[in-house]
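Convention: sequence-line order gives letters A, B, ...; per-chain numbering from 1.
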Amino acid sequence: MGWDRNQMAARAADELEDGMYVNLGIGIPTLVANYVGDKDITLQSENGMLGMGPFPYEGEEDPDLINAGKQTITELARTSYFDSATSFGMIRGGKIAAAILGAMEVAENGDLANWMIPGKLVKGMGGAMDLVAGVGRVIVVMDHTNKHGDSKLLKECTLPLTGKAVVHRIITNLGVLDVVDGGLKIVECADGVTEDEIRAATEATIV
Amino acid sequence: MKKVYGSAKEALDGLLFDGMHIAAGGFGLCGIPELLIDALVESGVKDLTVASNNCGVDGFGLGKLLDTKQIKKMQSSYVGENAEFMRQYLSGELELEFNPQGTLAERMRAAGCGIPGFYTKTGVGTVIAEGKDVRSFNGEDYILEEGIFADLSIVKAWKADDTGNLVFRKTARNFNPPAAMCGKVCVVEVEEIVERGSLDPDHIHLPGIYVHRIIQGDHEKRIEQRTVRKREEA
């Protein structure tokens with residue numbers, strides 16, 4: 001019942017349209033690149049690259065060519081490089097059509113928390129705050145509930161925010177929900193999941 | 001004026017003082033000024049405030065300056081790869097100012113362009129906005145961020161000519177140009193100093209006006225996360 005990681009990534013890839021410039025976060029969002037099919041999508045890596053290619057073949061790693069997760073990658077025929085100020089200029093300036101990223105919590109008004117848990121080791125927000133504030137569309141891909149079975153779609157976030165009212169769409173293992181006036185709206189149910197099951201697993205208001 | 005120096009130590013001569021503010025290029029371990037960091041360690045200069053996206057790893061990059069306790073404060077966006085960093089931070093020995101990555105880059109770029117502050121949407125409604133001026137433009141809130149005016153920039157480029165025109169390579173460019181722009185003095189280390197006229201003027205990434213001192217040297221260029229794919233069977 002519901003979608004697994006790859007099915008969630010495949011569903012997220014359906015959000016992307018031909019010609020889009022897109023930034024993918026780490027975790028499930030990285031898998032989205034495997035499901036874009038024939039669509040002409042350009043991936044941005046916020047350390048300073050458009051047109052990110054796949055991992056290199058063994059022996060062809062280049063220390064000067066990494067993604068935002070510091071992993072070795074490759075370039076494509078379309079690739080361009082630029083500095084970090086230019087990179088975040090295009091993010092802040094709304095030139096990147098969409099960001100697909102993971103989250104710890106999303107609130108019904110679109111608040112997003114995904115960078116720190118008080119009392120635990122704080123590593124930093126990296127580029128997450130810039131991305132959610134700047135890109136055209138923020139799509140969250142995450143499990144519907146945490147490991148204790150509690151809803152990650154909340155009336156209000158309990159964790160420190162990454163951005164306020166920034167999320168547009170949420171894709172979980174149970175389905176697809178949009179942030180709309182007054183709460184979240186169920187757009188689609190995952191395979192074998194009913195709307196009632198989504199409601200039962202969600203703390204946020206469903207309109 | 002001669003910009004080329006014989007070693008990192010010579011290139012930093014007369015520029016260092018305790019309590020100074022340094023802007024460093026690099027993202028993770030990619031494009032970091034390895035040789036200048038080593039020379040800073042050797043110099044013993046201390047109580048440094050360092051603006052750099054990351055703080056190296058244990059025993060490499062800026063991590064070396066942590067091991068010797070020469071850094072008082074970091075201005076960074078992500079510091080997760082360094083156990084000594086966390087130890088010093090949690091024990092109160094080290095101050096940390098988190099900056100969203102794009103805000104950090106723009107604070108450097110802005111200062112280099114003579115802009116002491118700018119308004120940005122990034123961080124509105126988060127802890128980053130605490131204590132900062134909020135202003136509404138066209139019905140949307142923005143927060144005031146200030147330029148980073150550093151005493152010294154330490155930068156890594158791929159190639160330079162003797163006038164300081166720089167070319168970077170692939171994603172090793174990252175924070176290097178904005179870091180180079182925001183210091184009173186900018187010292188650059190490169191893999192190769194090439195003959196004047198051999199770089200295409202249309203392909204210069206950072207003009208030599210920003211560069212005061214240059215050294216050439218060998219770089220380790222350590223890889224932080226080696227990820228590869230399998231070759232398909234023929």
Write down the atom of [X], the atom of [Y], and the distance for their closest heavy-atom approach.
| X | Y | value |
| --- | --- | --- |
| A:F55 | B:V228 | CB-C, 3.8 Å |
| B:T126 | A:G163 | CG2-N, 4.1 Å |
| A:A85 | B:E106 | CB-OE1, 4.3 Å |
| B:V79 | A:V122 | CG2-O, 4.3 Å |
| A:K123 | B:M86 | CA-CE, 4.4 Å |
| B:Q225 | A:K70 | CB-O, 3.2 Å |

Nearest 0.5 Å, what's the [atom1]-[atom2] distance between [X] and [Y]?
| X | Y | atom1 | atom2 | value |
| --- | --- | --- | --- | --- |
| A:L161 | B:I128 | CG | CD1 | 12.0 Å |
| B:T122 | A:L131 | OG1 | CG | 9.0 Å |
| B:R229 | A:T72 | CZ | OG1 | 10.5 Å |
| B:R173 | A:M49 | CZ | CE | 12.0 Å |

Backbone of B:Q101 reached by a side-chain donor or acceptor of A:D130 within 3.5 Å
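Flag set: sc A:D130 to bb B:Q101 pair under 3.5 Å.
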
Any donor-acceptor pair under 3.5 Å linking the side chain of B:T171 with the backbone of A:G48?
no

Proximal component of [X], with respect to chain B [non-hydrogen, under 4.5 Å]:
| X | answer |
| --- | --- |
| A:I91 | neither |
| A:T162 | backbone |
| A:N67 | backbone |
| A:E46 | both |

Would you say that more than 12 heavy atoms from the other residues, nucleotides or ligands in this model lie under 6.0 Å from the [atom1] of [X], or not?
| X | atom1 | result |
| --- | --- | --- |
| A:E58 | CD | no |
| A:K185 | NZ | no |
| B:E93 | CD | yes |
| A:D18 | CG | yes |
| A:L76 | CG | yes |
| B:D200 | CG | yes |
| A:Y35 | OH | yes |
| A:I26 | CD1 | no |

Identify which part of B:L96 has an atom lying under 4.5 Å from any heavy atom of chain A, answering side chain, backbone, both or neither.
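It is neither, since no heavy atom gets under 4.5 Å.
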
Side chain, backbone, both or neither of B:N99 within contact of chain A (heavy atoms, under 4.5 Å)
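It is the backbone, since no side chain atom gets that close.
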
Let's test your reading of the structure: which of [options] forms the most heavy-atom pairs below 4.5 Å with chain A?
| options | result |
| --- | --- |
| B:R169, B:E224, B:K121 | B:R169 |
| B:N54, B:V127, B:L206 | B:N54 |
| B:P100, B:A172, B:G125 | B:P100 |

Is [Y] close to [X] at the side-chain level, that is, under 4.5 Å between some pair of heavy atoms?
| X | Y | result |
| --- | --- | --- |
| B:R109 | A:D83 | no |
| B:T120 | A:R92 | yes |
| A:F88 | B:L104 | no |

Of all of [options], which one pairs up most often with chain B through heavy atoms under 4.5 Å apart?
| options | result |
| --- | --- |
| A:G69, A:S84, A:G127, A:G59 | A:S84 |
| A:K164, A:E75, A:E61 | A:E61 |
| A:A68, A:S45, A:A113 | A:A68 |

Kindly indicate, with the supporting measurements, whether the criterion side-chain contact (heavy atoms from CB on, under 4.5 Å) is fulfilled by A:D64 and B:E191.
CA-CA 12 Å; A:D64 289 337; B:E191 292 173 46; 4.3 Å; yes

Quickly, which of A:M129, A:M116, A:M125 forms a side-chain contact (heavy atoms from CB on, under 4.5 Å) with B:F98? Name it, please.
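With B:F98 as partner, side-chain contact (heavy atoms from CB on, under 4.5 Å) holds for just one option, A:M125.
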
